[in-house]
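A short worksheet on the structure shown next.
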Number of protein chains: 2
Amino acid sequence: MRGAQGDLLRLVATGQAESRAELSRLSGLAPSSVSLRVEELLDAALLVEEGAGTSRGGRRPRRLRVSPTAGLLAVADLGAHHARLALLDLSGVPLVVEERPCDIALGPEATLDWMAAAFDDLLRSHAPPGVPLRGVGTSVPGPVDPATGRVVSPSRMPGWNAFPVADHLGAHYDLPVLVENDANLMAVGEARAWPGCDNLMVLKAGSGIGCGLIVEGRLHRGRGAAGDISHVRVRADSSAMCSCGHPDCLEAYASGAALMGALADQGFAVHRPADVAALVADAVPEATALVRNAGRLIGEVLTVLVNFINPDAIVVGGSLSGAEPLISAVRAAVYERCLPLATRDLEIAVTRTGPDAALLGAGSLLLDAVLA
Amino acid sequence: MRGAQGDLLRLVATGQAESRAELSRLSGLAPSSVSLRVEELLDAALLVEEGAGTSRGGRRPRRLRVSPTAGLLAVADLGAHHARLALLDLSGVPLVVEERPCDIALGPEATLDWMAAAFDDLLRSHAPPGVPLRGVGTSVPGPVDPATGRVVSPSRMPGWNAFPVADHLGAHYDLPVLVENDANLMAVGEARAWPGCDNLMVLKAGSGIGCGLIVEGRLHRGRGAAGDISHVRVRADSSAMCSCGHPDCLEAYASGAALMGALADQGFAVHRPADVAALVADAVPEATALVRNAGRLIGEVLTVLVNFINPDAIVVGGSLSGAEPLISAVRAAVYERCLPLATRDLEIAVTRTGPDAALLGAGSLLLDAVLA
DNA sequence: CCAACTTCCTTCGAAATCGAAGACAAGCCG
DNA sequence: CGGCTTGTCTTCGATTTCGAAGGAAGTTGG
């Protein structure tokens, strides 16, 4: 997909533009040039014209959409014990989403080969005939070196250190391959649901604590560990040692794993972070108190970051995001301690995208790679 | 200066390109197009050819420079009690730099009118005849709303709240006018001296504590207060109330003002932050201990930000940057507590640009506005 | 000293892009 | 219903940009 056309296709695929006129405004190209390119894209069956849009006072625009036959993306959101898998069309709309159990502790080769087989399975059963696969992507629950596509010293992925995930997955396909941290992909996916918010912090509160950072509309990767807040030292009464070797890391108090541990000690049967959220929904006082405290600790850490980054919104996702006291406690801490200028128009809210955020994010980044 | 030509002129002015070939590589334009545009810029006397560069194995490039007659920028770095003023040529090289006493407590009108008079004075005495003034810019020691050019709730600028600095200064000139926070401008100025470092945190340790953040090579403004670390709560033995109404802000322990206060209490005659650095240079134990503690506190705050942003370098400037123990203590704290992935290639160093960083930064941003 | 190679820059026809003008298709309104 | 306004899309000549080829001015190495 060569440059100029790629830009136009991307604008349509991401939903930013629906008509030739909008394409002209957003791409900076002259209306005549846009018409030419669109004509070519229609001929190539990558775009289709689909009825007319709503008038804004004049002639109605002829609505453009990415053709459903233009191609598919296979994406996965890889967790410790299960993976969400999906096929997306080029505009990022899921054809099918499935959750399947898996175990990343079996190591990278086994897991990635399993994933490739699962993709093949989905393609066989759900892909319309003749529609080509155009890209493959997955999240991993650990840092990824943006330069090499390798996992780097992941704490929750035994056996994966320095494994070239992108290369191994790419060996199955002659296609663009994307490998990115789970919280980062979640942030990218969420970002599309927050138009006008160019600076976004997306917290993933699951069994670990992660954060993805969107700056000026683009994912900030840093050296691969950007967005890490797990190992910030927090103000705590007791003293807990973290696996990283430092005392009183946020993760040791506020992660889903830590909360599960504390609840298990009190005799509750919790096996997944969602169980914690369920206890909170049932108004179990012990769970609510723990979650609220976790929210406070997270909020105090975010305080520093909000003052420094001045995001437009903080979005909370992950399996604990359903626990209302978590969000409330984060809000309370941030609004109390941050500079008024930083919180004046700051929104702190729960995910708009839901559990598929990372899948949609993978689609979004893959689209860029496919149209490069 | 219309678009395509502006881009080329900017590349030469910023020192990124010195020959037509480099311009072609960096701008993405075809060599033939570059030759055409450069010819026009030479005709317009905005560029000049100046001898030949060094060969890289083939024909020597014909070195291009921005003409000294292309224009001037008048810039200021406004402090509480004195301002640094400079005239720069379009490539950001100072013709003259002066420091003059002033007092921002006299209010915005008086200060800005004084500044305009000082610019006129410099232009009369140092500007070559016939060279036009093309832009005016100043730093202010407080947050600036990027949208409106107004100062927003500045703590060290009594009487300036919500004052439209850019508009008032612009009334004297029919030119691009730039108003930006001092630490931010310092960061922009410093960034040019760190090629290859696209993500930079620049700490200004003066009578206050500020920080400027460069992400992907561009200044991150947020809502105007981005880069603020003054009001982060720190782990302290005693309990100090900050002017912001919260206890134990970093500013209350680690700012130049706080250090001056503590030293004055111990009978030392200190009137400016530089006096603190001088005491440290003289190895006065009380001063060294205080500064080292300040560095530790600052470093602990930076820890959170380094994990989150993964910058390529942390640069320390401001009048306390000459105090070696400050940097050492920052280094110690950051390297001890941060993730290995985040610190592996992280450089923590003192300013390469020196006291003129903010002036050069103003020149850099102004150039963008002039060539827009 | 003389090929052989590199790199820098320009020339010139081909191709892409632009921009102004107009055709087209609505909504608005008396 | 028939002008009027507004916004969308296309046509076509003018302009800009490209790209391949070649000349200019070096270095390198026998």
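Basis for what follows: all heavy atoms, side chains included, without hydrogens, waters or symmetry-related copies. Since the structure is predicted, the reported quantities are computational estimates derived from the model, not experimental observations. Every chain is numbered from 1 and lettered A, B, ... according to where its sequence line falls, protein lines coming before strand lines.
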Checking side-chain contact (heavy atoms from CB on, under 4.5 Å) for the pair A:R134/A:L90: CA distance, chi angles, key distance, verdict? CA-CA 9 Å; A:R134 296 218 184 245; A:L90 284 195; 4.3 Å; yes
Run A:S27 and A:V34 through side-chain contact (heavy atoms from CB on, under 4.5 Å) and show every step you take. CA-CA 9 Å; A:S27 70; A:V34 169; 4.2 Å; yes
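You'll find the side chain of B:L23 reaches within 4.5 Å of the side chain of B:L64, heavy atoms only. Between B:I314 and B:L346 the shortest side-chain heavy-atom distance falls below 4.5 Å.
Comparing B:A21 and A:A30 against DNA chain C, the residue whose closest nucleotide sits nearer the 5' end is B:A21.
Under the 4.0 Å criterion applied to side-chain N and carboxylate O atoms, B:E180 and B:R221 are assigned as salt-bridge partners. A salt bridge is defined here as a Lys NZ or Arg NE, NH1 or NH2 lying under 4.0 Å from an Asp or Glu carboxylate O, and B:R223 with B:D145 fails to meet this definition.
Among the protein residues, B:P61 comes within range of the sugar-phosphate backbone only, with heavy atoms under 4.0 Å from sugar or phosphate atoms but none that close to a base. Contact annotation for A:R25: backbone-only contact, meaning every heavy-atom pair under 4.0 Å involves sugar-phosphate atoms and none involves a base.
Across the helix from C:dC9-D:dG22 to C:dG30-D:dC1, the helix axis at one end is tilted relative to the axis at the other end by 20° (nearest 10 degrees, each axis from five pairs).
Put simply, B:S19 has a side-chain N or O that comes within less than 4.0 Å of OP1 or OP2 on C:dC9.
Among the nucleotides D:dC18, D:dC9, C:dT17, the one closest to any side-chain atom of B:S33 is D:dC18. The side chain of A:R37 lies closest to C:dA16, out of C:dC18, C:dA16, D:dG19. For A:R62, taking side-chain heavy atoms from C-beta onward, the closest of the listed nucleotides D:dC9, D:dC18, C:dT17 is D:dC9.
Computed from coordinates, the B:E49 CD to D:dA25 P distance equals 13 Å when rounded to whole Å. Atom-to-atom, CG of A:L64 to C1' of D:dC9 comes out at 11 Å; the value is rounded to the nearest Å. One interatomic measurement links the two molecules: CD of A:Q5 to P of C:dT17, which rounds to 9 Å at whole-angstrom precision. Here D:dT8 presents its P atom at 12 Å from CZ of A:R20, a figure rounded to the nearest Å. Atom-to-atom, CG of B:L36 to P of D:dT16 comes out at 10 Å; the value is rounded to the nearest Å. Taking atom CG on A:L8 and atom P on C:dA16, their separation rounds to 15 Å, with Å as the unit. The interatomic distance linking A:L29 (CG) with D:dT10 (C1') rounds to 16 Å, in whole Å. Put simply, CD on B:E18 is 16 Å from C1' on C:dT7, counting in whole angstrom units.
In terms of modelled atom types and a separation under 3.5 Å, the side chain of A:S139 and the main chain of A:L185 share no donor-acceptor contact. Judged by distance alone, the side chain of A:R20 and the main-chain N or O of A:S32 form no donor-acceptor pair under 3.5 Å.
Side chains of B:E22 and B:Q16: a donor-acceptor N/O pair is absent below 3.5 angstrom, by distance only.
Of all heavy-atom pairs spanning B:A13 and B:L367, the tightest one is CB-CD2, 3.5 Å.
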List every contact pair, protein side and nucleotides 26-30 of chain D side both N or O, where the distance is under 3.5 Å.
from	atom 1	to	atom 2	distance (Å)
D:dG26	N2	B:G57	O	3.4

